[in-house]
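One structure below.
These numbers come from the heavy atoms of this one structure, side chains and all, not from hydrogens, waters or symmetry mates. Counting starts at 1 for both ligands and their atoms, in listed order.
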Amino acid sequence: MGQRHVDFFNRPLHDLRISVTDRCNFRCTYCMPKEIFGVDYPFMPPEHLLSFQEIERLATLFVQMGVRKIRLTGGEPLLRENLHLLIEKLVAIPGLEDIGLTTNGFYLERQAVQLKQSGLKRINVSFDALNDPVFKSMNNVGVGTKRILRGIKKAMDVGLEVKVNMVVKKGVNDQEVLPMAHFFKNLHVTLRFIEFMDVGQTNGWNLQQVVTGKEMVEHLASQFSLKPVMPSYKGEVAKRYQYEGTETEVGFITSVSQAFCADCTRGRIAADGKFYTCLFATDWYDLRELLRSQTSDDEIMAAIASIWKTRTDRYSETRSSQPEKNKGKIEMSYIGG
Ligand code: SAM
Ligand code: SF4
Ligand code: SF4
């Protein structure tokens, strides 16, 4: 968690995460605890969501400003009706090099063909355990592993590139690290272990529940020969390794133990059009208001540029020294992972 002398005002805006809904059919304990996100939880009313036309317009402007990668997220993005129609629009944006989607996989078996046909090439499936009771306790709605595994298989069968994300919580699913590694290595699927993060204010996070990337690498090294892989671009968040003698990779996202704010090139748009310059931001800029008020493309781009240029975000590098900054943080299900 050491600090580096870097120019925090000079990080290009390269990646954009767009949340298409704040709703989810899971209640993962680390993201949307059931006690808070109960039946009465006030999710966004439909008229607050950006329409596909509005998302397409914003995405086009962001690409003109240098964004090369867009990831659709949520909430659970596959709950957004006709998502494939949005993907078709995004695929057609000149200059956009990569579109990804992060999903809990519940509707994947049903939607994989349509997603592939819309032009999507890759997806990340969040899947935290092979052990059924452990998985059920983490998603907290009783969904078993079989359904998600069928979704992953279907996605692979239709030709989508699949990566799996596993959030690791100490004492909850850390005993699943090795079985998950073996299982997905055999499937030739990249598995990425994610340190449990203090996003939002409701998931009861504490440092004792974090298994660090370093601990996980050491654990894996007891059973596998791992070869480090160079980052493929500046700002890549996962530390990547290859299982020796294979093409299969495994990654570690160490946002807590080894912050990467200095290279952070990622902006986020919530489903209601609020623009955040950091996963842990407490302030936002309302792009929906601009979209719905006859503002020109040039004016919108000027507004985005001025927000991004003055960005000083480095939450992960300062979380331990400034705990008071934790107040007012946005929930992961709202801002997208
Ligand atoms: N519902 C979709 C899913 O679960 O893939 C997309 C949205 S979810 C908020 C995006 C990613 O954030 C998932 O991979 C999830 O595991 C991760 N995530 C959520 N809460 C987290 C936390 N407290 N720490 C680390 N990762 C978290
Ligand atoms: Fe839903 Fe994804 Fe959050 Fe789990 S991590 S509660 S699936 S939004
Ligand atoms: Fe980027 Fe904020 Fe995460 Fe740092 S804490 S890597 S600035 S999103």
_Check for me whether Lys185 meets the cation-pi criterion with Tyr243, that is, NZ or CZ under 6.0 Å from the six-membered ring centre and within 45 degrees of the ring axis._
yes

*Atoms in ligand 2 with a heavy atom of Cys28 nearer than 4.0 Å*: 4 (Fe), 5 (S), 6 (S), 7 (S)

*Which atoms of ligand 1 sit under 4.0 Å from any heavy atom of Glu76?*
1 (N), 2 (C)

*For Gly75, atoms of ligand 2 separated by under 4.0 Å from a heavy atom*: 8 (S)

*Identify, by atom number and element, the atoms of ligand 1 in contact range of Ile194, meaning under 4.0 Å from any of its heavy atoms.*
25 (C), 26 (N)

_Just checking: Cys261, one of its N/O/S atoms, less than 2.8 Å away from atom 4 (Fe) of ligand 3, yes or no?_
yes

*Report yes or no: does a heavy atom of Glu195 sit under 4.0 Å from some atom of ligand 1?*
yes

*Can you tell me the protein heavy atom closest to atom 8 (S) of ligand 3 and the distance?*
Leu279 N, 3.3 Å

*Using the six-membered ring wherever Trp is involved, compare the ring planes of Phe26 and Phe135 and label them parallel, tilted or perpendicular (cut-offs 30° and 60°).*
perpendicular

*Start with the C-alpha gap between Asp98 and Lys121, add the side-chain angles, then the distance that decides, and say whether salt bridge (Lys or Arg N to Asp or Glu O under 4.0 Å) holds.*
CA-CA 8 Å; Asp98 185 29; Lys121 295 201 170 58; over 6 Å; no

*Does even one non-hydrogen atom of Ser255 get within less than 4.0 Å of ligand 1?*
no

*Leu290 vs Tyr285 side-chain heavy atoms within contact, under 4.5 Å*: yes

*Among protein heavy atoms, which lies nearest atom 1 (Fe) of ligand 3, and at what distance?*
Cys264 SG, 2.3 Å

*Could you tell me the residue and atom name of the protein heavy atom closest to atom 3 (Fe) of ligand 2, and the distance to it rounded to 0.1 Å?*
Cys31 SG, 2.4 Å

*Looking only at protein heavy atoms, which one is nearest to atom 7 (S) of ligand 3, and how far off is it?*
Asp313 O, 3.6 Å

*Which residue holds the protein heavy atom closest to atom 2 (Fe) of ligand 3, what is that atom called, and what is the gap in Å?*
Cys278 SG, 2.3 Å

*Output the list of atoms in ligand 1 that are nearer than 4.0 Å to some heavy atom of Asn165, sorted by atom number.*
14 (O)

*asked:* Are any of the N/O atoms on Asn124, whether in the backbone or the side chain, positioned under 3.5 angstrom from an N/O atom of ligand 1?
replied: no

*Near Asn104, which atoms of ligand 1 are under 4.0 Å from a heavy atom of that residue?*
2 (C), 3 (C), 5 (O)

*Quick one: do the Thr21 and Glu76 side chains pair a donor with an acceptor below 3.5 Å?*
no

*Could Lys154 and Glu109 be called an ion pair, given the rule that one side-chain N must be under 4.0 Å from one carboxylate O?*
no

*Any heavy atom of Gly74 sitting closer than 4.0 Å to ligand 2?*
no

*Cationic N near anionic O, under 4.0 Å, Glu54 to Arg292*: yes

*Would you please classify the geometry between the His182 ring and the Phe224 ring as parallel, tilted or perpendicular, with 30° and 60° separating the classes?*
tilted

*Can you list the ligand 1 atoms lying under 4.0 Å from a non-hydrogen atom of Gly74?*
7 (C), 9 (C)

*Examine Arg268 relative to Phe275 and say whether NZ or CZ is less than 6.0 Å from the centre of the six-membered ring and inside a 45° cone about the ring axis.*
no

*Can you measure from CG (Asp22) to NE2 (His48) and round to the nearest 0.5 angstrom?*
11.0 Å

*Output yes when the distance from some N or O of ligand 1 to some N or O of Thr73 is under 3.5 Å, and no in every other case.*
no

